[in-house]
Amino acid sequence: MDVTTKATTSIRARLLRILILALAVLLALLGIAATEQISAYRNASATADNARLEITLQGLVHELQKERGLTTGYVGGVQQFSAKLPAQRKATDAARQQLDVALKGREDSAAGSVRESLGRLDGLAGIRKDADDGTGVVKDTFDYFTTTITVLDRLDLGLEDVHDATLRDAYQALQVLGNAKEFTGEERAIVLGSVRAGKFRGDDYGRFMEIRAGRLAALDAFPRSATAVQERRLDTALTTPDAERALSYESKAVHGTGKLKSSAIPPMAWWDSMTSTINGLRDVQISLGTDVENRAAQLESSAQRDLLLFLLLALGTVAALGALALDCVRSVSSPLVELAQQAREVAGSRLPQAVAAVQDGSSGAAPQPPARLVVADRAGAEVREVAEAFDRVQRSAFDLATEQAVLRRNATDSLVSLGRRNQNLVRRQISFINKLEHEDADPATLANLFELDHLATRMRRNAESLLVLAGESSPRPWSTPLAVNDVLRAALSEVEEYRRVTLRRIEPAFVTGSVVVEIAHLLAELVENALSFSPPDSDVEIEGRRTSAGYLIAIVDHGLGMDNQALAEANVRLSGTASFMAEPTRFLGHFVVGALARKCGIEVRLGEAPAAGVVARVLIPAALLTEKAVEAKPSVPAPRKAETDMEPKPEPAVAPVAAKGGSSAARTRNGLVKRPQRSGIAAAVSETDRTDRTTPTAPPNPERTPEQVSGMLSTLRSAHMRGGISVEKEKQQNAETNEGAAK
C-alpha cells in the first residue's frame, strides 16, 4: 500500500478525525453556552453597577428636593430659610460630586444618559443668584427644580429589563417610592411658596391637588412590587408624629379651598414636619436601594460562580474527551501498530525462515512454526481477535508452505535422480560410441557414429538442464581456462542444426575453467532457441568482442522478432529470478539460461535486432576471464581416457560450424571472391556496448566436480574429429577429381 494512502486511511487517522470533529462540536456548544454565561455575568455586573448608580443618583435628587423647598419658600417670603440655604447648597454640591465620582470611568449607555441629564444643573447657579438678589420668581424656581428632578428621576438605567423577578420588583418598588417622595417634596415646596401670601398663587392650588393625588396613587401602588418587609418599613415611616402632623397640615391646605393661613399652617412647622416625613421616605428609599444593590451583587456573584463552574465543566469535558482519545489510541491504534509491525516481521523474516528450515531439512529436527503474535495487555478485545485470526492464518500458511516445501523437495529429488540416471546412461553411451570410433576406420561408419555421438551429446544437455532446474551442479567440471572460440564450438556441438550457425568476428579471450561447462550450456540453449524461432533457410550469427565490462557475445537471429511485452517477460525469466513451475513448459530453456546466468554472474538480455529478429546479448564479466590459457594440473584423479581424450589434434582449416565465416571464401563463376552479406550483428554488439548495465548479478557458484569434465571433453573431441573427417573427405574428393582429370 502506498505510504500516503496508508497514512490517510489508518485507524489512528480516522479516530483523530472523529475526535477532532467531536471536539469541534463540543467546543462550539461550549462556546455558545460560555457566551451566554459571560453575557449573564456581564448583565449581572452591569445591573449591580447601575443599582449603585441609581442609589447615588437618588441621593442627589433628595438634596435637590430639599434645596427646592428652601429656595421656593425663601423666594416666597419665608426669610427664616436664608440661614438654611448655604448648608443645603453645599449638601447638593457634595451629592453632585459623589455622582461624578460614580460616573468616572464608565462609558455605558446608563452613564451617558446620566451625564446628559446633569447638564440641566448648569442653570442652578442662576436660580441661586436670583433667589439671593430677591429677583427670583416662585413659579420659575419651582418649575426649574421640579423639571430637573423629574428628568433625573426618570432616567432609564436598564434596571427595568432585568430577567431576575426579585431584582425587577425591588427596582419597581424603589421607583414607586421615589415618585411618592417626589410628590411629597413638591407639596412641601408649593405650599412654602404661597403660605406668606395667604393663598395659593395662580393655579397652584390645582397643581397642589394633582400632586397630592399622585402621591396617594404612588403609595397605593407600592405594595404591588414591594415585599412585606418593605411595606412595614414604609408604614413605619408614614406613622411617625411628624408624618401625622404633616398630614394634618395637608388636610387644612386641602380644605382651605385655596387659602393658606400662616396661623393654620406655620411655615417652619410645615417645613419641619414635611422634611421629617420626606427623610423617613428617604430612609425607606435607601433600604430599598440597598436591597436592589444586594440582589444585583448576589446575581453578579451567582453569575460569576456559574461561569466558573461552567469553565471547569468545559475543561473537564475536554480533558475527559482527551483521556478517551488517548485510551482509544492506547487500546486500539497503538496495539494495531505493534501488531502490524509483528505481522511485517512474520511476513518478512519469521515465516520465510521457518519455510527455509523446512526446505533445508538438513538438521533432521522438525521445524517449529513462527511464534505467536504478542499483544499488549492494554489492547482491546477486537485487537486480540485480530491477533488470534492472524495467528491462525500464519499457522495455515506455515502448514501449507511446509507441505509445498516437502512436495517441491520430493519433486526436485525426483528430477535430480532422473537427471543423474539419464546422464549416467548418456555418459556410458558416449563412452561406448567413442570406443567404436577408435576401433572403426571406415569413413562412412565414422560419420554415422559421429551423428550418433551428436545426438547423445544433445541428450546429455537435456539431462543436465534437469539438474540445472533442480539446482544441482553439472558432473562435468573443467579446471583450465578455455578459449572463447572453443567454448562456442562446444556449445554448437550440442545444437542440432549447427550448420546454420555463422561465427563472425570472435575476438580472442579465455574463460575461467570453473565456468566453461555452464557457459557452453547457456550458449547452446540460446543458440538452439534462436534456430528454433528463425526461418529454416536463414542463419544465426554469433559475434564476440571485449568490452569495458567484460566479454560480450551477441547471438542474432532473423526471425519475426518479439513485441515489447514478450521481451520484458523473457528478460525476467533470463534474469533467474522467476520460478519455472509457474510458467508454461515451452519456456524451460529460458529458465535454464536464467539459472546458469544467475549462478555464474552473467548478464543475459534479449532485444530487438537492428534489422529484423532478436538479439541475445551475453555479457561475461571480467572476473570470469583470463589473459591466456595456463596449464593446470588437476588436484583430483583424472577421468578415464576414453571419456576425456583431448590429446592435441591438428585443427581443421575450416570447421563445419564456421564454414560460412571461415577463410575459405565463396567465389563466383569467374573466380572472384564473393562479398559476404552484411548482417546486423555488428550494430547489435555496438548497441550493447552503449547500454548501461545496471542489473545486479549473483556471484558465481563453486566449481564443478571432476566427473563433470568428461562430457565436455568428449563433446570437444567429437567436434574436432568431425572437423578432421570433413577435411579428409574434402581431400579425398579433390584427389579423385584430380585423378579423373589426369585420366
Side-chain angles (χ1 to χ4, degrees), residues 39-65 95 99 102 106 108-114 116-117 146-187 210-239 243 277-303:
S39 177
Y41 170 75
R42 289 179 177 177
N43 290 334
S45 178
T47 300
D49 293 339
N50 292 337
R52 288 187 287 270
L53 181 62
E54 177 70 20
I55 294 173
T56 306
L57 179 62
Q58 289 298 327
L60 175 61
V61 169
H62 178 70
E63 299 301 331
L64 286 174
Q65 288 172 345
L99 185 60
R106 292 189 55 173
D108 53 284
S109 59
S113 62
V114 173
E116 183 179 357
S117 300
T146 301
T147 303
T148 301
I149 291 172
T150 301
V151 171
L152 294 177
D153 203 23
R154 295 181 179 179
L155 288 176
D156 183 12
L157 300 183
L159 296 177
E160 296 179 354
D161 300 328
V162 294
H163 300 292
D164 184 70
T166 303
L167 179 60
R168 186 170 59 251
D169 292 342
Y171 178 71
Q172 290 178 354
L174 180 64
Q175 289 294 99
V176 171
L177 182 61
N179 293 334
K181 179 172 171 288
E182 169 60 15
F183 287 135
T184 304
E186 290 179 6
E187 285 186 55
E210 291 178 359
I211 293 171
R212 179 176 177 274
R215 179 179 64 83
L216 295 175
L219 293 176
D220 291 338
F222 182 79
R224 299 174 187 172
S225 56
T227 63
V229 175
Q230 294 168 350
E231 289 185 34
R232 286 196 296 270
R233 292 174 186 170
L234 180 60
D235 291 341
T236 301
L238 294 178
T239 56
T277 302
I278 293 174
N279 289 337
L281 295 177
R282 173 59 181 166
D283 292 338
V284 177
Q285 187 183 43
I286 292 174
S287 67
L288 286 174
T290 303
D291 293 342
V292 171
E293 184 177 4
N294 292 338
R295 182 59 181 173
Q298 184 180 0
L299 292 176
E300 181 181 12
S301 177
S302 177

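Scope of the values below: all heavy atoms of this structure, side chains included, with no hydrogens, waters or symmetry mates.
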ask   = Measuring from Leu288:CG to Tyr171:OH, what's the distance to the nearest 0.5 Å?
value = 12.5 Å
query = So does Glu231 have more than 12 non-hydrogen atoms from other groups sitting under 6.0 Å from CD?
reply = yes
message = According to side chain to side chain contact (heavy atoms under 4.5 Å, CB included), who are the partners of Asp108, at least two apart in sequence or on a separate chain?
response = Asn50, Arg106, Ala110, Ala111
note = Heavy-atom nearest pair, Phe222 first then Leu177, reads CE1-CB, 4.0 Å
ask   = With a 4.0 Å cut-off, would you call Glu187 and Arg215 a salt bridge?
value = yes
message = Rounded at 0.5 Å granularity, tell me how far OG1 in Thr239 sits from CG in Leu234.
response = 9.0 Å
request  = Answer yes or no: is there a side-chain heavy-atom contact under 4.5 Å between His62 and Lys181?
outcome  = yes
request  = Of all the heavy-atom pairs spanning Gly289 and Ile55, show the shortest one and how long it is.
outcome  = O-CD1, 2.9 Å
ask   = Can you check whether Thr184 reaches Gln65 side chain to side chain, under 4.5 Å on heavy atoms?
value = no
inquiry  = For a 4.5 angstrom cut-off between non-hydrogen side-chain atoms, does Leu281 reach Leu238?
reply    = yes
query = Do Gln58 and Arg282 have side chains that get closer than 4.5 Å, going by heavy atoms?
reply = yes
message = Can you confirm whether the side chains of Asp153 and Gln175 place a donor and an acceptor under 3.5 Å from each other?
response = no
request  = Give, for atom CG of Leu57 and atom CZ of Arg52, the distance between the pair rounded to the nearest 0.5 Å.
outcome  = 15.0 Å
query = Taking the side chain from Thr236 and the backbone from Arg232, do they hold a donor-acceptor pair closer than 3.5 Å?
reply = yes
request  = Could I get the full list of side chain to side chain contact (heavy atoms under 4.5 Å, CB included) partners for Thr166, not counting sequence neighbours?
outcome  = Asp164, Arg295
request  = Check Ala237 against Ala243 and note the closest heavy-atom contact, atom names and distance.
outcome  = O-CB, 3.7 Å
request  = Indicate yes or no: at least one non-hydrogen side-chain atom of Glu186 is less than 4.5 angstrom from one of Ile149.
outcome  = no
note = When every non-hydrogen atom of Leu60 is compared with those of Ala95, the smallest separation belongs to CA-CB, 3.7 Å
Option from Thr148, Thr147, Thr146, Leu152 for which side chain to side chain contact (heavy atoms under 4.5 Å, CB included) with Thr150 holds = Thr146
task = Verify side-chain contact (heavy atoms from CB on, under 4.5 Å) between Leu219 and Val176, making sure each step is shown before the conclusion.
result = CA-CA 7 Å; Leu219 293 176; Val176 171; over 6 Å; no
message = Are the side chains of Asp291 and Leu174 in contact, using a 4.5 Å heavy-atom criterion?
response = no
inquiry  = What I'd like to find out is whether the side chain of Gln298 reaches to under 4.5 Å of the side chain of Asn294, using heavy atoms alone.
reply    = no
query = Any donor-acceptor pair under 3.5 Å linking the side chain of Gln230 with the backbone of Thr227?
reply = yes
